[in-house]
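Accompanying notes for the structure given below.
First the proteins, then the strands, lettered A, B, ... as listed; each starts at 1. When reading the values below, keep in mind they use all heavy atoms of this one structure, side chains included, and skip hydrogens, waters and symmetry mates.
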Amino acid sequence: MSTTPFRLATWNVNSLKVRLPHLAQWLDSAPLDALGLQETKTVDADFPAAEIEGMGLSGAWYGQKTYNGVALLARSPVRDLVRGIPGYDDPQARVIAGTIRGVRVIDCYVPNGQALDSEKYVYKLGWLSALRDYLAEQLQQHAQVAVIGDFNIAPEDRDVHDPRAWEGQVLVSAAERAALHGLFDLGLVDVFRRFEQPERSYSWWDYRAMAFRRKAGLRIDLILASTPLAALCSQCTVAVEPRRWERPSDHAPVVATFDLPGA
DNA sequence: ATGGCTAACATGGTTAGA
């Protein structure tokens, strides 16, 4: 049976306006079919739609002033768009979902949480609970589901450059990891770990203290796939190269290839 | 080394990120 690759990426761009040249340059070298962005940091009226179209992409975006903001883009039509988590009243623009070539793609920017004693941490855990309910419903509706984005949680200690220094901190705390594993329990698979990976594979490095050069990062940007979709995954890598460029995002893209049935 | 750096908004210094 013939298959066609579906190359899906997630990238926290930390301001789409600043990172438009990086996106264009990366797309020149990386053949992609669909892409979820986070931290676009722009209202929908100012979204650079013409520039995105010039890159051969179309889709939809859901943004707000200054903070957050997500976009779901593809080379083929994005259908049945849904912004936010239905039924969850959230003033922050963090989720956009659509169907691309039969795959239900849900692009997420999970709250950071700031610190364990912060109200933002309470918001993060409540938000993840709402996301879990939403994903449970989506997995009933669709066989092929991909949940992609900046999860702001490092799943395991091997996803942390210095687990001892980070122990108990936000992004690695037990309650956050339990919430993430709650998503895995729905049947979602972290496809990156389906393959052999280099030691010290991360997707985010602090701008400060030469963290990137020291390989002092975290793997917090993930591609999760429903079991039937994960079975079609043939590759998943961190595209570390854009992190080396001038004025980079602090996150690198993560890319997965799914060999979808059909020509 | 409880700092370091980047971006938005604003146009100096705060908020937020992770």
task: Find the distance between CG (A/D44) and CD (A/Q64) and round it off to the nearest 0.5 Å.
output: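 If I round to the nearest 0.5 Å, the distance is 10.0 Å.
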query: Using a cut-off of 4.0 Å on non-hydrogen atoms, how would the nucleic acid contact of A/Q169 be classed: base, sugar-phosphate, or nothing?
result: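 No contact.
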task: Name all residues meeting the side-chain hydrogen bond (donor to acceptor under 3.5 Å, both in side chains) criterion together with A/R79; count only those two or more places apart in sequence or in a different chain, and write none if there are none.
output: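 Counting only residues at least two positions away or on another chain, A/R79 forms no side-chain hydrogen bond (donor to acceptor under 3.5 Å, both in side chains).
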task: Give the ring-plane orientation class for A/H161 versus A/Y202, where under 30° counts as parallel, over 60° as perpendicular and anything between as tilted.
output: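 Because their plane-to-plane angle is over 60°, the rings of A/H161 and A/Y202 count as perpendicular.
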- prompt: Thinking salt bridges, do A/R219 and A/D190 make one under a 4.0 Å N-O criterion?
  reply: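 Looking at A/D190 together with A/R219, the answer is yes, because their closest N to O distance falls below 4.0 Å.
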- request: State plainly whether the residues A/R75 and A/D33 are in salt-bridge range, i.e. N to O under 4.0 Å.
  value: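 Answer for the salt bridge query: no.
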Rounded to whole angstrom, note down the [atom1] distance from [N] over to [M].
| N | M | atom1 | result |
| --- | --- | --- | --- |
| B/dG17 | B/dA1 | P | 28 Å |
| B/dT2 | B/dA18 | C1' | 15 Å |
| B/dA7 | B/dG3 | P | 22 Å |

- prompt: Any idea which of B/dA18, B/dA7, B/dT6 is nearest the A/H251 side chain?
  reply: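 Looking only at side-chain atoms, A/H251 lies closest to B/dA18.
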query: A/Y207 has a side chain; which of B/dT6, B/dA18, B/dA7 sits nearest to it?
result: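 Between B/dT6, B/dA18, B/dA7, the one nearest the side chain of A/Y207 would be B/dT6.
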Please state how far atom [atom1] in [X] lies from atom [atom2] in [N], giving the value in whole angstrom units.
| X | N | atom1 | atom2 | result |
| --- | --- | --- | --- | --- |
| A/N112 | B/dA16 | CG | P | 11 Å |
| A/Q38 | B/dA7 | CD | P | 17 Å |
| A/W166 | B/dA18 | CH2 | P | 10 Å |
| A/D150 | B/dA18 | CG | C1' | 9 Å |
| A/Y109 | B/dA16 | OH | P | 12 Å |
| A/M210 | B/dG4 | CE | C1' | 10 Å |
| A/R214 | B/dA1 | CZ | P | 14 Å |
| A/K41 | B/dG17 | NZ | P | 9 Å |

query: Which comes earlier along DNA chain B counting from the 5' end, the contact point of A/A209 or that of A/N152, where each point is its nearest nucleotide?
result: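 Nearer the 5' end of the strand: A/A209.
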- prompt: Which sits closer to the 5' end of DNA chain B, A/N12 or A/R208, going by the nucleotide each is nearest to?
  reply: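 The residue mapped nearer the 5' terminus is A/R208.
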- prompt: Under a 4.5 Å cut-off applied to non-hydrogen side-chain atoms, are A/L180 and A/L222 in contact?
  reply: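 Result yes, sub-4.5 Å side-chain heavy-atom pair found.
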message: Could you tell me if the side chain of A/Y123 sits less than 4.5 Å from the side chain of A/D90, heavy atoms only?
response: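 In contact.
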task: Check for a donor-acceptor pair, side chain of A/R7 on one end and backbone N or O of A/T257 on the other, with a separation under 3.5 Å.
output: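 Judged by distance alone, no pair lies under 3.5 Å.
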- request: Using atom types as modelled and distance alone, determine if a side-chain donor or acceptor of A/R83 lies under 3.5 Å from a backbone N or O of A/W61.
  value: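 Present.
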Sorted by number, the residues of residues 60-70 of chain A with heavy-atom contact under 4.0 Å to DNA chain B: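 Result for residues 60-70 of chain A: A/K65, A/T66, A/Y67, sorted by number.
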Close residues, residues 114-130 of chain A, relative to DNA chain B [heavy-atom separation under 4.0 Å]: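 Going residue by residue through residues 114-130 of chain A, the ones with a heavy atom under 4.0 Å of DNA chain B turn out to be A/K120.
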field: Under-4.0 Å side-chain N/O to phosphate OP1/OP2 contact, A/N14 with B/dA7
entry: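 The answer is no; no side-chain N or O of A/N14 sits under 4.0 Å from OP1 or OP2.
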Neighbour count above 12 (heavy atom, 6.0 Å) for A/E53 CD: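 Count not over threshold, so no.
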